[in-house]
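Let me begin by presenting the structure, written as structure tokens, before commenting on it.
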Amino acid sequence: MTLAPSSAIVLYAQKKASSYAPSTACYATVHDVTVREGVPQLGAGMAVSRDGLMALFRGLDPQRTEVASLTPTRVLTQGSRWMVWYCAPSKRRVWFRTSDGIGEQNAEVPLPGLVFAVGPLGWHVFALKSGRRPGASTRLFQVPFYNVWQGGKICTGSTRTPQGDARRDPAAWERAFFESEFTHSNIHNAPLVSYKGGAVAFWKALLRGKKFETFPKDVLIDGGMTLGQFISELNRGLQDE
């Protein structure tokens, strides 16, 4: 592929008082470039707006100007650098290896609806009280799982996270999460669940499989944000990369 100059941007600023003084461009023009006898030459200039400059930059690097927004599928929003998706309430097998009284156990248990997210903010998971696909105003709740920080960020530890094309597959991330062992609670200054006896008593009851036919949503603790607010945080993270 042969490249040749096609256009140029000229920035105008006030003349500096010295070579060390900073200068701030206050005007810009865009010019066609023609090459005559191997020498690039500027054509007549046309004033360019901030929006025009941003459109040019988006063309140069479209990935950096992507913005997360909600979509009407199980994948709530997705781009080259992020993915957020919804898991309906279901039963899944979970694995524990702890020293806090739960010990080494595994069982298929009922779980609430979940929202997973991977992107510049890390790997997150939140719980939902509703059994429906969430929208921007849906409140997010702290998941009852071990190995998840307050605020939903997952502690990966030795978990093998998806690589390559699998990184765009929600099921691959779910397998990585649920096939790993829950070893400890990452929340120490607040309760993990609203349940008499705390998280240990709750998980013992859930793992025994006799007390709960469906996940008891009243044990979930509010996560302090809505899905829309989390998407806003995600967008800020994309801009800061």
Side-chain angles (χ1 to χ4, degrees), residues 68-79 82-96 102 105-119 121-154 162 168-180 182 185-187 190-234:
S69 58
L70 299 180
T71 60
T73 61
R74 176 166 122 82
V75 175
L76 301 173
T77 177
Q78 184 176 28
W82 78 88
M83 181 170 59
V84 183
W85 68 96
Y86 164 63
C87 297
S90 63
K91 286 190 173 183
R92 289 181 180 265
R93 185 165 296 276
V94 293
W95 306 78
F96 280 82
I102 297 176
Q105 296 191 59
N106 73 86
E108 190 175 79
V109 299
L111 297 178
L114 301 171
V115 169
F116 282 93
V118 289
L121 302 179
W123 186 15
H124 287 71
V125 61
F126 302 96
L128 303 172
K129 280 194 172 181
S130 169
R132 299 184 300 273
R133 181 186 184 277
S137 62
T138 303
R139 292 207 67 79
L140 302 178
F141 292 81
Q142 179 71 38
V143 291
F145 306 123
Y146 283 16
N147 301 84
V148 179
W149 299 101
Q150 194 166 16
K153 189 169 185 178
I154 298 169
R168 301 180 67 81
D169 179 10
W173 288 97
E174 293 166 24
R175 286 193 298 271
F177 182 75
F178 287 110
E179 291 176 6
S180 63
F182 296 135
S185 174
N186 283 52
I187 298 179
L192 182 62
V193 290
S194 177
Y195 188 82
K196 184 178 180 180
V200 172
F202 171 72
W203 276 109
K204 281 184 173 181
L206 202 63
L207 289 162
R208 279 197 296 269
K210 297 180 180 180
K211 188 171 183 178
F212 303 112
E213 288 295 325
T214 60
F215 186 88
K217 298 173 186 176
D218 57 334
V219 307
L220 295 174
I221 293 176
D222 191 272
M225 75 177 92
T226 64
L227 176 58
Q229 289 169 329
F230 177 76
I231 295 298
S232 295
E233 287 190 7
L234 172 60

Supply the atom-to-atom distance Gln105 CD to Arg208 CZ, rounded to the nearest 0.5 angstrom. 8.5 Å

Taking the side chain as every heavy atom from C-beta outward, state whether Thr226 and Thr138 have any pair of such atoms under 4.5 Å apart. no

Shortest non-hydrogen pair, Gln78 vs Met83, comes out as NE2-SD, 3.4 Å

State plainly whether the residues Glu174 and Arg74 are in salt-bridge range, i.e. N to O under 4.0 Å. yes

Are the side chains of Val94 and Trp203 in contact, using a 4.5 Å heavy-atom criterion? yes

Is there a side-chain contact between Leu111 and Pro144, using heavy atoms and a 4.5 Å cut-off? no

Lys153 atom NZ, neighbour heavy-atom count above 12 within 6.0 Å: no

Assess the residue pair Trp85 and Val118 against the criterion (side chain to side chain contact (heavy atoms under 4.5 Å, CB included)); give the C-alpha distance rounded to whole Å, side-chain angles, the decisive distance to 0.1 Å, and a yes or no. CA-CA 9 Å; Trp85 68 96; Val118 289; 4.0 Å; yes

What pair of heavy atoms forms the shortest contact from Leu192 to Ser185, and how long is it? CD2-OG, 4.2 Å

Between Phe126 and Tyr86 (judged by ring centroids, cut-off 6.0 Å), do the two rings come close enough to count as a pair? no

Which heavy atom in Met225 sits nearest to a heavy atom in Arg139, and how many Å separate them? N-NH2, 3.4 Å

Shortest non-hydrogen separation from Gly224 to Gln229 and the atoms involved: O-OE1, 4.2 Å

Contacts of type side-chain contact (heavy atoms from CB on, under 4.5 Å), residue Ala172, not counting sequence neighbours: Pro162, Ala166, Asp169, Arg175

Side chain to side chain, Val115 and Pro134, heavy atoms closer than 4.5 Å: yes

Measuring from atom CZ of Phe177 to atom CG of Leu114, what distance do you get when rounded to the nearest 0.5 angstrom? 7.5 Å

Kindly compute the distance separating CZ (Arg93) from CG (Leu207), expressed to the nearest 0.5 Å. 10.0 Å

Is the shortest side-chain heavy-atom distance between Phe182 and Ile102 below 4.5 Å? no

Backbone N/O of Leu121 and side chain of Trp82: donor-acceptor pair under 3.5 Å: no

Heavy-atom donor-acceptor pair, Lys217 side chain to Lys129 backbone, under 3.5 Å: yes

What verdict does the side chain to side chain contact (heavy atoms under 4.5 Å, CB included) test give for Ile154 and Asn147, after you've listed the backbone C-alpha separation in whole Å, the side-chain angles of each residue and the deciding distance to 0.1 Å? CA-CA 6 Å; Ile154 298 169; Asn147 301 84; 5.7 Å; no

Indicate yes or no: at least one non-hydrogen side-chain atom of Leu220 is less than 4.5 angstrom from one of Phe215. yes

Minimal heavy-atom distance between Val148 and Val143, with the atoms involved, is CG1-CG2, 3.7 Å

Mind checking whether Phe202 and Tyr146 have ring centres under 6.0 Å apart? no

Between Phe116 and Cys87, is any pair of side-chain heavy atoms under 4.5 Å apart? yes

Just so I know, are the side chains of His124 and Val84 near enough to count as touching, which here means a heavy-atom distance under 4.5 Å? no

